[in-house]
Amino acid sequence: MRPIRPLLAAGLVMASGAAFAHPGHEAMSLASGFSHPFGGVDHLLAMLAVGLYAARQGGKARWALPATFVAAMLAAAGLAHTGAHVPLIEAGVAASVLILGLLIAAAARLPLALTAPLVAMFAMFHGAAHVAEKGDAGLFAYAAGFALASAALHGCGWLIGRRIPETTAGARLQRAAGGVLAVAGGLLLGA
């Protein structure tokens, strides 16, 4: 598989018109939770970006960043379900796409002590957004669904990141992917 194809697929998803598809979910179930991160390009791109960024890091950051994201997202979902208010949720979700895109474009290899809290902060916005859109019914099954979907999307991003060769052309491709993510995040912030 050529490395450009996943980027092309991501671009087509962005152009599909589902950019802000955060509809109400009639049945709060594992399936509706699982489908939620795929329903809005902001969530989809952020999950892929976490995986892509993690794949290009060294050591335990490769698994710790996605795991931190999922854990913090679930914690935020639990807090939001109890009534805790998270301000500027949509802006935080969009900022996560922008900043992760910039980190990917810059090929930044920051210490895990800096990136884990950053990823956790982004996850808090995503977890709160998932619950804000959920309503009052069935948190556990719904949360399990969006956690599984998020982990799967992290895995997809990770696989894409690992398929990018460690060459000059691969570095250009990584910068381009990060640039596309950053532009998308900027557009989402401006919307």
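As the structure is a prediction and not an experimental result, all values here were calculated from the model.
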With no hydrogens and no angle check, is any side-chain donor or acceptor of [X] less than 3.5 Å from a backbone partner on [Y]?
| X | Y | answer |
| --- | --- | --- |
| Y53 | A108 | yes |
| R162 | G157 | no |
| R175 | A106 | no |

Membership question, hydrophobic clusters at under 4.5 Å side-chain separation (ILVMFWY): are [Y] and [X] in the same one?
| X | Y | answer |
| --- | --- | --- |
| V93 | L74 | yes |
| L112 | I104 | yes |
| L48 | L159 | no |
| I99 | V119 | yes |
| V183 | L98 | no |

What are the two closest heavy atoms between [X] and [Y], and how far apart are they?
| X | Y | answer |
| --- | --- | --- |
| A54 | A61 | CB-O, 3.9 Å |
| A147 | V70 | CB-CG1, 4.1 Å |
| A123 | A72 | CB-CB, 3.7 Å |
| L102 | A182 | CD2-CB, 3.8 Å |
| A177 | L52 | CB-CD2, 4.2 Å |
| D42 | E90 | OD2-OE1, 3.3 Å |

Mark yes when over 12 heavy atoms from residues, nucleotides or ligands other than L88 sit less than 6.0 Å from its CG; otherwise mark no.
no
Given side chains that start at C-beta, do those of [X] and [Y] come closer than 4.5 Å, heavy atoms only?
| X | Y | answer |
| --- | --- | --- |
| H130 | P37 | yes |
| V41 | V97 | no |
| T115 | T68 | no |
| L65 | H154 | no |
| L100 | L181 | no |
| Q174 | E166 | no |
| F122 | F69 | yes |
| L45 | V180 | no |

Full working for side chain to side chain contact (heavy atoms under 4.5 Å, CB included) between Y142 and S32
CA-CA 7 Å; Y142 184 75; S32 66; 3.5 Å; yes
Should F146 and H36 be marked as a ring-ring contact (aromatic ring centres under 6.0 Å, His included) after you check the CA-CA gap, both sets of side-chain angles, and the distance that decides it?
CA-CA 6 Å; F146 70 69; H36 183 78; 7.3 Å; no
Carefully, step by step, assess V50 and W158 under the rule side chain to side chain contact (heavy atoms under 4.5 Å, CB included).
CA-CA 8 Å; V50 168; W158 191 89; over 6 Å; no
Worked check of side chain to side chain donor-acceptor pair (under 3.5 Å) between R109 and Q57
CA-CA 6 Å; R109 292 194 179 204; Q57 302 307 298; 5.3 Å; no
Side chain to side chain contact (heavy atoms under 4.5 Å, CB included) for L118 and L103? Distances and angles first, verdict last.
CA-CA 11 Å; L118 181 66; L103 289 172; 3.8 Å; yes
Walk me through whether H126 and H43 qualify under side chain to side chain contact (heavy atoms under 4.5 Å, CB included).
CA-CA 7 Å; H126 286 271; H43 293 300; 2.9 Å; yes
